[in-house]
K.L.:
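I have a structure here, written as structure tokens, and I will follow up with some questions on it.
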Amino acid sequence: MALDTVYEPQKHEAAIYRLWEENNLFAPTEKGEPFSIVLPLPNANASLHIGHTLMFAIQDVMARYYRMQGRSVLWVPGADHAGFETQVVYEKQLAKEGKSRFDFSREELFEQIWDFVAKNKEVFASQFRELGASLDWDHFTFSLDKKVVDSSYKMFKKMWDEQYIYRGERLVNYCTVHRTGFADIEVLHEDRTSPLYYLKYGPFELATTRPETIYGDTAVAVHPDDERYKKLVNTVVTIEGPSGPFEVRVVADEMVDRTFGTGVVKITPAHDFNDYEVAGRHNLPHVRVINHDGTMNHLAKEFEGLTVAKARAAVAKKLDEKGLLVKVDEAYKNRVGTCYKCGSVIEPMLLDQWFIDMQKLAAPAIRALKAKKITFYPAAKADQVLAYLESIKDWNISRQIAWGIPIPAFQNVADSDDWIFNTEVDKEELVIDGKTYRRDPDVFDTWFSSSQWPFVTLDYPDSDDFKKFYPNSVMETGQDILYQWVARMICVGTYMTGEIPFKNVYLHGMVRSEDGRKMSKSLGNVINPKEVLEAYGADAIRMGIIAGRSAGYSAAYAPGKIIAGRNFCNKLWNIARYVQSQENTASGEVTPDSIADNWIVSRLSFAQKEISLLIEGFRFSEAYEVLYHFIWNEVADWYIEASKGSINTPLLGYILDKSLELAHPFAPFVTELIWQQRHTGSFLISKQTEPVISFSKEKAQAFDRLQVIVIEVRAITSALGISKVALEYSDSTLISENEVLLKQLAKLGSINQKTEKKGVSLATSSENCWLAIDDSVTKKYITKLEERIKSAHQNVTQLEGRLSNKSYVDHAPEAVVAQTRNNLQSEQKILETLQKELASFV
RNA sequence: GGGUGAUUAGCUCAGUUGGCUAGAGCACCUCGUUUACACCGAGGGGGUCGGGGGUUCGAAUCCCUCAUCACCCACCA
């Protein structure tokens with residue numbers, strides 16, 4: 001069968017994936033040490049982005065590598081309902097139709113989003129396949145699957161019973177546009193310029209960025225040691241406000257910074273996190289003046305119905321009119337919490353929510369981390385997680401949205417403190433013992449379900465899968481969700497199963513745009529992986545995205561590396577074409593014979609060991625480099641070229657097969673495709689790696705020495721612009737025994753044994769040999785020769801300097817010194833030869 | 001305000017415990033159609049490893065310091 005000269009991935013990739021899938025080759029094997037990894041579940045609301053490519057490439061390299069090492073590999077695919085995220089995407093669609101989520105009941109909305117997501121799940125599952133991901137599709141889990149919901153309910157119940165969960169009215173980060181609360185970690189803090197208003201406030205003057213919340217003030221705070229205000233502490237003072245006088249208590253609290261403004265703070269417990277805490281310490285009432293939609297309520301008197309921003313300006317104006325506004329610092333800079341989806345200001349809002357006591361939940365996780373039970377790549381991330389968990393605050397898990405897992409809790413309509421656990425969430429009301437209970441309309445934070453991923457996907461607690469594959473071998477994910485996901489999985493996994501959820505965490509950085517900036521739709525610098533995939537193929541994009549990346553670091557998307565990947569596939573393809581064209585004739589035993597044979601087997605042996613070490617050490621980019629170099633520079637450039645002189649067909653076939661094997665984790669499609677042409681009825685994906693055949697070290701080293709001759713001949717002939725030169729030598733068995741090989745590799749005209757030197761000596765080889773070049777041509781060589789002498793001279797001087805340093809000889813390890821001596825000796829010999837050469841010309 | 005990281009060739013980046021003359025891909029220059037491959041082959045140019053100081057026989061690598069740029073965390077009204 002004649003193969004195209006250029007490899008076209010588009011023609012073959014889909015068929016190869018189908019072949020794997022139809023033969024059920026992604027499923028874990030019965031035997032073998034388990035290796036398990038769960039895919040960080042992509043959001044079910046969007047298609048693939050370039051970051052996914054990196055994630056898939058790394059994880060698939062591991063899955064395929066360990067599968068070929070005989071491990072029983074389970075790689076679990078999934079999709080996240082991504083509650084809030086997805087609802088926002090869907091709301092945008094509704095907006096295009098002129099509708100809003102508030103036009104529907106939560107049940108109606110849930111149904112609609114369900115249909116919307118079902119379509120998307122199909123789309124991205126097909127995209128995983130296009131990248132060659134060897135995921136076990138039978139284990140596919142969607143975060144709203146029954147088993148995830150059941151597990152979430154079980155966990156909620158356990159936490160409730162064991163008092164890890166409490167319900168309470170707390171100040172919560174709230175987006176008034178999306179009308180839901182968030183966890184602290186979801187809030188984006190932005191630098192903003194906000195006017196700082198200096199107000200006359202009863203007997204005080206104070207600075208505030210929020211004059212509109214004055215209607216919710218229930219105290220004014222000063223520092224306990226502040227002499228200026230000491231007399232007023234614990235008194236009740238009358239404040240003239242925008243709509244008339246009101247009374248507040250003066251409290252002393254350490255929180256107040258005496259140097260800021262006037263050292264006086266108005267306390268609005270219902271709308272500020274600091275003030276809320278002050279109120280807790282001093283037993284102050286909470287007065288809510290802002291509605292959930294971000295407008296002022298009736299307590300704001302004539303400002304009722306205005307948005308916060310409008311009310312702020314209006315109240316300030318009113319205060320000014322009443323002579324209560326002292327001054328305004330327009331250039332005041334502060335940090336403001338914003339909604340990461342719409343950018344609107346997060347309003348601290350008093351809400352009844354479910355919270356997890358994180359100090360309690362994190363304690364076992366902290367112990368596990370301190371005991372170094374989980375290894376992080378990069379290692380420094382372990383300390384970051386630890387620091388995060390040690391200062392963690394309680395986790396608000398209630399979300400006021402439709403798209404998510406309904407919270408299985410019902411409240412007694414007659415007694416607001418009476419809550420019961422019940423999973424009949426399809427009912428709005430339950431009547432139990434004559435008492436009526438109404439369902440909590442909220443849903444869980446998405447991360448509440450996804451934090452269970454390592455065990456819920458394995459059907460914890462009784463399944464064979466769980467027993468075999470938990471804890472997971474590796475958690476590979478983006479460093480951007482270290483806290484949101486990785487930290488929570490460690491907490492939740494340890495809490496539920498009593499064991500850490502995974503042994504290793506490998507974090508990849510972000511794929512930035514070509515200019516090094518963040519990729520974002522608004523900047524218009526997003527790379528669409530689908531286009532790259534279509535242009536270069538999956539193998540190319542996988543290798544290109546892995547190349548030159550190390551754990552935890554973000555790096556720019558580099559198209560040159562994708563092209564290199566594409567070229568590498570073509571190289572493999574053409575190596576195969578060549579080998580197969582030679583194989584038509586003979587078959588026989590695979591044994592290294594010539595020095596080239598032994599050399600390539602020694603290089604193969606080195607590459608196989610090195611690649612293993614690097615992959616197992618999570619150094620994927622370096623493993624890829626070793627592979628690339630072995631196949632391109634050693635197999636193709638040296639061994640195949642050598643084979644054109646004298647060929648060992650069975651060994652050549654073996655080298656090709658082993659190359660395919662080593663490359664398969666990185667370039668699964670092209671390697672399997674070639675494999676299928678060579679070995680019908682067997683699959684490279686499930687081939688088990690065996691040790692490399694044995695070879696003669698002496699012969700391999702002889703080839704090294706032959707290479708030295710070849711390299712110098714090429715350099716001299718290239719510099720002089722001549723070809724087909726005759727090589728002459730005396731007393732060299734290396735040359736006499738390998739004339740054919742040498743002639744082929746160095747493109748020599750002939751090789752002859754002579755007794756007398758006439759021509760240009762080869763300086764770097766220890767063999768006595770020279771190129772028989774005419775005197776008229778050698779003249780041109782003088783300049784080159786002088787350059788070489790200069791550089792050799794520099795090397796000799798440097799090495800002599802090092803060796804004449806007594807401290808170096810005394811202190812450096814013997815091997816290092818010996819190496820230096822060797823280098824000096826060979827450099828001296830080169831210098832000597834070159835100088836003699838020059839002398840003979842002049 | 002704290003913390004972490006980065007700065008290596010024109011570009012994008014590697015470089016495990018300090019140790020051969022600091023590497024790769026892309027780009028660049030010269031030559032080349034030879035039994036796979038021009039998505040190619042051979043040869044070549046290009047770096048005082050951000051600046052300064054220190055430790056050491058020896059520093060891209062360890063320490064200090066400065067500069068620039070990222071990112072993360074935090075309750076400054």
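The analysis underlying the following values was restricted to heavy atoms, covering all of them including side chains, and did not include hydrogens, waters or symmetry mates. Here is how names work: the chains are called A, B, and so on, in the same order as the sequence lines, proteins then strands, and each is numbered from 1.
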K.L.:
Does A/Asp253 form a salt bridge (Lys or Arg N to Asp or Glu O under 4.0 Å) with A/Arg281? I'd like the steps, not just the answer.
P.N.:
CA-CA 9 Å; A/Asp253 197 283; A/Arg281 289 194 283 271; 3.0 Å; yes

K.L.:
Take atom CD1 of A/Ile541 and atom P of B/U12, then tell me their distance rounded to the nearest Å.
P.N.:
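Atom CD1 in A/Ile541 sits about 20 Å away from atom P in B/U12.
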
K.L.:
Does B/C62 have a Watson-Crick or wobble mate here (both distances under 3.5 Å), and if so which one?
P.N.:
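Matched B/C62 with B/G54 under the 3.5 Å cut-off.
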
K.L.:
Rounded to the nearest angstrom, tell me the gap between atom CD in A/Glu514 and atom P in B/C13.
P.N.:
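Taking atom P of B/C13 as the reference, CD of A/Glu514 is at 11 Å.
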
K.L.:
With heavy atoms under 4.0 Å as the rule, sort A/Arg566 into base, sugar-phosphate or nothing.
P.N.:
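Answer is base: heavy atoms of A/Arg566 come under 4.0 Å of a base.
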
K.L.:
Please give, in whole Å, the distance from B/G23 C1' to A/His629 NE2?
P.N.:
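Rounded to the whole Å, the gap is 11 Å.
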
K.L.:
Anything under 3.5 Å between a protein N or O and an N or O of nucleotides 74-77 of chain B, put it in a table, one pair a line.
P.N.:
| unit_1 | atom_1 | unit_2 | atom_2 | d |
| --- | --- | --- | --- | --- |
| B/A74 | N6 | A/Arg335 | NE | 2.6 |
| B/C75 | OP1 | A/Lys393 | NZ | 3.2 |
| B/C75 | O2' | A/Asn274 | ND2 | 2.2 |
| B/C75 | N1 | A/Asn274 | OD1 | 3.4 |
| B/C75 | O2 | A/Asn274 | OD1 | 2.6 |
| B/A77 | OP1 | A/Asn334 | ND2 | 3.2 |
| B/A77 | OP2 | A/Tyr332 | OH | 2.2 |
| B/A77 | O2' | A/Ala207 | O | 3.3 |
| B/A77 | N6 | A/Asp257 | O | 2.3 |
| B/A77 | N6 | A/Phe260 | O | 3.1 |
| B/A77 | N1 | A/Asp257 | N | 2.9 |

K.L.:
Rounding to the closest angstrom, what is the interatomic distance between B/A9 and B/G50 at atom P?
P.N.:
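Each nucleotide's P atom is 8 Å from the other's.
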
K.L.:
Using a heavy-atom cut-off of 4.0 Å across all strands, would you classify A/Tyr628 as base, sugar-phosphate, or nothing?
P.N.:
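Sugar-phosphate contact only.
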
K.L.:
Would you kindly say whether A/Thr262 and A/Tyr198 are connected by a side-chain donor-acceptor distance under 3.5 Å?
P.N.:
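Side chains of A/Thr262 and A/Tyr198: no pair found under 3.5 Å.
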
K.L.:
Rounded to whole Å, how long is the line connecting atom OH of A/Tyr536 with atom P of B/C26?
P.N.:
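Between P of B/C26 and OH of A/Tyr536: 12 Å.
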
K.L.:
Whole Å only: how far is the CG atom of A/Asp704 from the P atom of B/C20?
P.N.:
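Answer to the nearest Å: 19 Å.
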
K.L.:
Nearest whole angstrom, please: distance from the C1' of B/U16 to the CD of A/Glu616.
P.N.:
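Rounding to the nearest Å, CD of A/Glu616 and C1' of B/U16 are 15 Å apart.
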
K.L.:
With a 3.5 angstrom cut-off on both distances, give the Watson-Crick or G-U wobble partner of B/A6, or none if there isn't one.
P.N.:
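Paired with B/A6, as far as the under-3.5 Å criterion goes, is B/U68.
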
K.L.:
Mark yes when over 12 heavy atoms from residues, nucleotides or ligands other than A/Lys381 sit less than 6.0 Å from its NZ; otherwise mark no.
P.N.:
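Yes, because the 6.0 Å sphere around NZ of A/Lys381 holds more than 12 heavy atoms from other groups.
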
K.L.:
Look for any protein N or O under 3.5 Å of an N or O in nucleotides 3-9 of chain B and output each such pair with its distance, or none.
P.N.:
| unit_1 | atom_1 | unit_2 | atom_2 | d |
| --- | --- | --- | --- | --- |
| B/G5 | O3' | A/Tyr553 | OH | 3.4 |

K.L.:
Taking the same atom, P, in B/C57 and in B/G45, what whole-Å distance lies between them?
P.N.:
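Approximately 35 Å lies between the P atom of B/C57 and that of B/G45.
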
K.L.:
Protein-nucleotides 57-63 of chain B N/O pairs closer than 3.5 Å?
P.N.:
| unit_1 | atom_1 | unit_2 | atom_2 | d |
| --- | --- | --- | --- | --- |
| B/C57 | O2' | A/Asn805 | ND2 | 3.0 |

K.L.:
Give me the distance, rounded to whole Å, that separates B/C49 from B/A36 when you measure between the P atoms they each carry.
P.N.:
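The same atom, P, in both gives a distance of 44 Å.
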
K.L.:
When the side chains of residues 807-815 of chain A are checked against the rest of the protein, which donor-acceptor pairs come out under 3.5 Å, sequence neighbours left out?
P.N.:
| unit_1 | atom_1 | unit_2 | atom_2 | d |
| --- | --- | --- | --- | --- |
| A/Tyr808 | OH | A/Thr820 | OG1 | 2.8 |
| A/Asp810 | OD2 | A/Lys806 | NZ | 2.7 |
| A/His811 | ND1 | A/Ser807 | O | 2.8 |

K.L.:
Mind checking who B/G1 pairs with, Watson-Crick or G-U wobble, both distances under 3.5 Å?
P.N.:
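Partner of B/G1: B/C73.
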
K.L.:
If you compare all heavy atoms of A/Glu330 against all heavy atoms of A/Thr193, which two are closest, and at what distance to 0.1 Å?
P.N.:
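Looking at all heavy atoms of both residues, the shortest contact is O-CG2, 3.3 Å.
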
K.L.:
Only one of A/Ile830, A/Leu727, A/Val708 clears side chain to side chain contact (heavy atoms under 4.5 Å, CB included) with A/Leu762; which?
P.N.:
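Between A/Leu762 and the candidates, side chain to side chain contact (heavy atoms under 4.5 Å, CB included) is satisfied uniquely by A/Leu727.
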
K.L.:
Please figure out whether A/Leu188 or A/Ala547 has its closest RNA chain B nucleotide nearer the 5' end.
P.N.:
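The residue whose closest nucleotide sits nearer the 5' end is A/Ala547.
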
K.L.:
How close do A/Val511 and A/Gly51 get, heavy atom to heavy atom, and via which atoms?
P.N.:
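Looking at all heavy atoms of both residues, the shortest contact is CG2-CA, 4.3 Å.
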
K.L.:
With distance as the sole test, does A/Asn525 use its side chain to make a donor-acceptor pair with the main-chain N or O of A/Ser520 at under 3.5 Å?
P.N.:
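Yes, the answer is positive, given that a donor and an acceptor are paired below the 3.5 Å cut-off.
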
K.L.:
Base, sugar-phosphate alone, or nothing: which one does A/Phe568 contact when heavy atoms must sit under 4.0 Å apart?
P.N.:
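No contact at all - A/Phe568 keeps every heavy atom at 4.0 Å or more from the nucleic acid.
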
K.L.:
Roughly how far, to the nearest 0.5 Å, is the CD1 atom of A/Ile185 from the CG atom of A/Asn396?
P.N.:
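With rounding to 0.5 Å, CG (A/Asn396) is 13.0 Å from CD1 (A/Ile185).
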
K.L.:
Tell me the ring-ring contact (aromatic ring centres under 6.0 Å, His included) pairs involving residues 538-571 of chain A, sequence neighbours left out?
P.N.:
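Residue pairs passing ring-ring contact (aromatic ring centres under 6.0 Å, His included), neighbours aside: A/Phe568-A/Tyr628.
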
K.L.:
On a whole-Å scale, what distance lies between the C1' atoms belonging to B/G10 and B/C29?
P.N.:
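That atom pair is separated by 14 Å.
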
K.L.:
What's the CG-C1' distance between A/Leu614 and B/G15, to the nearest Å?
P.N.:
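The answer, rounded to whole Å, is 12 Å.
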
K.L.:
What is the minimum heavy-atom distance between A/Leu745 and A/Ala642, and which atoms define it?
P.N.:
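Residues A/Leu745 and A/Ala642, closest heavy atoms: CD2-N, 3.6 Å.
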
K.L.:
For a quick check of understanding: with a heavy-atom distance under 4.0 Å over all strands, which category does A/Glu787 fall into, base, sugar-phosphate or nothing?
P.N.:
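Counting heavy atoms under 4.0 Å across all strands, no contact is made by A/Glu787.
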
K.L.:
Is A/Thr717 reaching over with its side chain to a backbone N or O of A/Ser723, donor-acceptor style, under 3.5 angstrom?
P.N.:
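Flag not set: sc A/Thr717 to bb A/Ser723 has no pair under 3.5 Å.
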
K.L.:
For the aromatic rings, using the six-membered ring if either is Trp, is the centroid distance between A/Tyr229 and A/His223 under 6.0 Å?
P.N.:
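Ring centres of A/His223 and A/Tyr229 not closer than 6.0 Å.
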
K.L.:
With nearest nucleotides of RNA chain B determined for A/Ile562 and A/Arg549 from heavy-atom distances, which residue corresponds to the more 5′ nucleotide?
P.N.:
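Of the two residues, A/Arg549 wins.
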
K.L.:
Check this one for me: any side-chain N or O of A/Asn567 less than 4.0 Å away from OP1 or OP2 of B/G25?
P.N.:
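No, A/Asn567 has no side-chain N/O under 4.0 Å of OP1/OP2 on B/G25.
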
K.L.:
Can you tell me the base-pairing partner of B/C28? Count Watson-Crick or G-U wobble geometry only, both distances below 3.5 Å, and say none if there is no partner.
P.N.:
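Pairing partner: B/G44.
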
K.L.:
With rounding to whole Å, what would you report as the distance between B/G15 and B/U61 at their C1' atoms?
P.N.:
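Between the two C1' atoms, the distance is 9 Å.
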
K.L.:
What is the distance from CD of A/Gln828 to P of B/C20, rounded to the nearest Å?
P.N.:
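Rounded to the whole Å, the gap is 20 Å.
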
K.L.:
Hey, is the side chain of A/Arg802 poking within less than 4.0 Å of OP1 or OP2 on B/U21, counting only N and O atoms?
P.N.:
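Checking A/Arg802 against B/U21: at least one side-chain N or O falls below 4.0 Å of OP1 or OP2.
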
K.L.:
Which atoms of nucleotides 27-37 of chain B (N or O only) lie under 3.5 Å from a protein N or O atom, and what are those distances?
P.N.:
| unit_1 | atom_1 | unit_2 | atom_2 | d |
| --- | --- | --- | --- | --- |
| B/U35 | O4 | A/Lys644 | O | 3.0 |
| B/A36 | O2' | A/Asn574 | OD1 | 2.6 |
| B/A36 | O2' | A/Arg577 | NH1 | 2.6 |
| B/A36 | N7 | A/Lys644 | NZ | 3.0 |
| B/A36 | N6 | A/Glu641 | OE2 | 2.8 |
| B/A36 | N3 | A/Asn574 | O | 3.3 |
| B/C37 | O4' | A/Asn574 | OD1 | 2.7 |
| B/C37 | O4' | A/Asn574 | ND2 | 3.3 |
| B/C37 | O2' | A/Asn570 | ND2 | 3.0 |
| B/C37 | O2' | A/Asn574 | ND2 | 3.4 |
| B/C37 | O2 | A/Lys571 | NZ | 2.8 |
| B/C37 | N3 | A/Lys571 | NZ | 3.0 |

K.L.:
Taking any heavy-atom pair under 4.0 Å as a contact, classify A/Gln819: base, sugar-phosphate, or nothing.
P.N.:
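Contact class for A/Gln819: base.
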
K.L.:
What does B/U21 pair with, Watson-Crick or G-U, if both distances are under 3.5 Å?
P.N.:
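For B/U21, the partner nucleotide comes out as none, under the 3.5 Å rule.
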
K.L.:
What's the shortest heavy-atom distance between A/Tyr506 and A/Ser550, and which atoms?
P.N.:
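That closest heavy-atom pairing would be OH-C, 4.1 Å.
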
K.L.:
Can you confirm if the NZ or CZ of A/Arg678 lies within 45° of the ring axis of A/Trp573 and under 6.0 Å from the centre of its six-membered ring?
P.N.:
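So A/Arg678 doesn't make the cation-pi contact.
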
K.L.:
Answer yes or no: are there more than 12 heavy-atom neighbours, outside A/Lys829 itself, under 6.0 Å from its atom NZ?
P.N.:
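Counting neighbours around NZ of A/Lys829, more than 12 heavy atoms of other residues, nucleotides or ligands fall under 6.0 Å, so yes.
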
